[in-house]
Amino acid sequence: MKSVFLIGGTMGVGKTTVCQLLKRRLGRAVFLDGDWCWDADPFQVTGETKQMAEDNICYLMNNFIHCSAYDNVIFCWVMHEQSIIDRLLSRLDLSGCRVTSLSLVCTPDALARRLEKDVAAGLRRPEILERSIQRLPLYDALRTIKLDVSALTPEEAAGRISSL
C-alpha cells in the first residue's frame, strides 16, 4: 500500500526541512512542496493563480501516486483551511493509498525565533513574522494530526512522522 503524507503548517514552521528529511528516512519516496507549483516573480495571489497552483499540485501528486517507483508520496504546503485539504484530497486518486494528514505547529515564540533567523539571513521579508503568527490558531480547527515542533529538531519531527 502506498503512503501519502499531506503536511501543513504556517510559514516558517519547518515543513520543507522536515519533509526533505522524511523523504530520506522513508525511502522510495518523492516530495513535492506546494510552493514550487507557483514560484513566480512577482508572486501574485489571485483566484486564478490559486487555482493554477492547485491544478499543478494535483497533476503532480496523481502522477507520483501512479508511479510504481514510489511507495511514499510527501506533500507540504501552508494548508491553513480545511477546505484546501478537502479540495486537494477530492482530486487525488487515493485508491490503494494510506493518507496521513498532519499539521506542524509550534508556539508563537518558537515560530518567531525561526522566522527571525530567516529574515536575518535574507531568506524572508520581515512582514512574514506577523502574518505567520496570525495563522497559527487556524491549525487547531483542522482535521489533521497535530505535531508540536516547538522543541523538536527537524530530524526528531521526521522520525515521529515516519513512525505514524
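- Note that the CG atom of Leu102 and the CD1 atom of Ile145 stand 6.0 Å from one another [nearest 0.5 Å].
- The main-chain N or O of Pro126 is never found under 3.5 Å from a side-chain atom of Asp118 such that the two would form a donor-acceptor pair.
- Note that CG of Asp109 is 12.0 Å distant from CZ of Arg114, once rounded to the nearest 0.5 Å.
- A pairwise comparison of heavy atoms in Ile85 and Ser101 identifies CG2-OG, 4.0 Å as the closest pair.
- Two residues are said to be in side-chain contact when any heavy atoms from C-beta on lie closer than 4.5 Å; Cys76 and Thr16 meet this criterion.
- Hydrophobic clustering, with ILVMFWY side chains joined whenever heavy atoms are under 4.5 angstrom apart, keeps Leu32 apart from Leu21.
- The shortest non-hydrogen separation linking Arg91 to Cys58 is CB-SG, 3.7 Å.
- Checking Ser132 against Thr10 by side-chain atom types alone, a donor-acceptor pair falls below 3.5 Å.
- The shortest side-chain heavy-atom distance between Val18 and Gln20 does not fall under the 4.5 Å cut-off.
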Exercise. Take Lys15 and Trp77 through the side-chain contact (heavy atoms from CB on, under 4.5 Å) test and state the conclusion after the steps.
Key: CA-CA 8 Å; Lys15 296 179 301 296; Trp77 205 22; 5.8 Å; no
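- Although no hydrogens or angles enter the test, the distance criterion places no donor-acceptor pair under 3.5 Å between the side chain of Lys2 and the main chain of Ser68.
- Inter-residue side-chain proximity for Thr100 and Ser3 is flagged as unmet; no heavy-atom pair is nearer than 4.5 Å.
- Glu48 CD: 12 or fewer foreign heavy atoms inside a 6.0 Å radius.
- Residue pairs that meet the salt bridge (Lys or Arg N to Asp or Glu O under 4.0 Å) test with at least one member in residues 24-37, sequence neighbours left out, are Arg28-Asp71.
- Atoms CZ and CE, on Arg98 and Met1 in that order, are 8.5 Å from each other to the nearest 0.5 Å.
- Taken together through direct or relayed side-chain contacts under 4.5 Å among Ile, Leu, Val, Met, Phe, Trp and Tyr, Leu142 and Leu138 form parts of separate hydrophobic clusters.
- Phe75 has its ring centre no less than 6.0 Å from the ring centre of Trp36.
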Exercise. Given side-chain contact (heavy atoms from CB on, under 4.5 Å), test Val30 with Met61 step by step and report yes or no.
Key: CA-CA 10 Å; Val30 62; Met61 288 290 291; over 6 Å; no
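- Put simply, CD on Glu116 and CG on Leu111 are 9.5 Å apart, with the number rounded to the nearest 0.5 Å.
- Side-chain N or O atoms of Ser90 include one that pairs as donor or acceptor with a backbone N or O of Arg87 at under 3.5 Å.
- Annotation for Arg124: atom CZ counts as buried by contact number, over 12 foreign heavy atoms lying within 6.0 Å.
- The closest donor-acceptor contact from the side chain of Tyr139 to the backbone of Gly9 lies under 3.5 Å.
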Self-check item: Check against side-chain contact (heavy atoms from CB on, under 4.5 Å), Leu147 and Val105
Solution: CA-CA 6 Å; Leu147 179 59; Val105 297; over 6 Å; no
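- Taking each heavy atom of Ile84 and Met79 in turn, the nearest pair found is CG2-CG, 3.9 Å.
- Each of Val119 and Leu123 belongs to its own hydrophobic cluster when Ile, Leu, Val, Met, Phe, Trp and Tyr are linked at side-chain heavy-atom distances under 4.5 angstrom.
- Within the 3.5 Å criterion, the main-chain N or O of Gly8 finds no donor-acceptor partner in the side chain of Ser103.
- In this structure a side-chain-to-backbone donor-acceptor pair under 3.5 Å is present from Gln82 to Arg143.
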Exercise. Carefully, step by step, assess Lys146 and Thr144 under the rule side chain to side chain donor-acceptor pair (under 3.5 Å).
Key: CA-CA 6 Å; Lys146 310 302 184 291; Thr144 60; 3.3 Å; yes
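- Summarising the geometry of Leu152 relative to Ala157, their closest heavy-atom pair is CD1-CA, 4.2 Å, with the distance given to 0.1 Å.
- Qualifying side chain to side chain contact (heavy atoms under 4.5 Å, CB included) partners for Ser150, counting only residues two or more places apart in sequence or in other chains: Cys106, Thr107, Ala110, Asp148.
- Taken from CH2 in Trp38 to CD1 in Ile57, the straight-line distance is 8.5 Å, to the nearest 0.5 Å.
- Side chain of Asn62 to backbone of Asp93: a donor-acceptor contact under 3.5 angstrom is found.
- In this structure, Phe5 and Ile161 have side chains that are in contact, with non-hydrogen atoms separated by less than 4.5 Å.
- Counting all heavy atoms, side chain and backbone alike, Leu115 lies closest to Gly12 at CD2-CA, 3.6 Å.
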Exercise. Go through the steps for Ile65 and Cys97 under the test side-chain contact (heavy atoms from CB on, under 4.5 Å), then give the verdict.
Key: CA-CA 8 Å; Ile65 289 167; Cys97 294; 3.8 Å; yes
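- Heavy atoms only, all atoms of each residue included: Ile133 and Ala112 are closest at CD1-CB, 4.3 Å.
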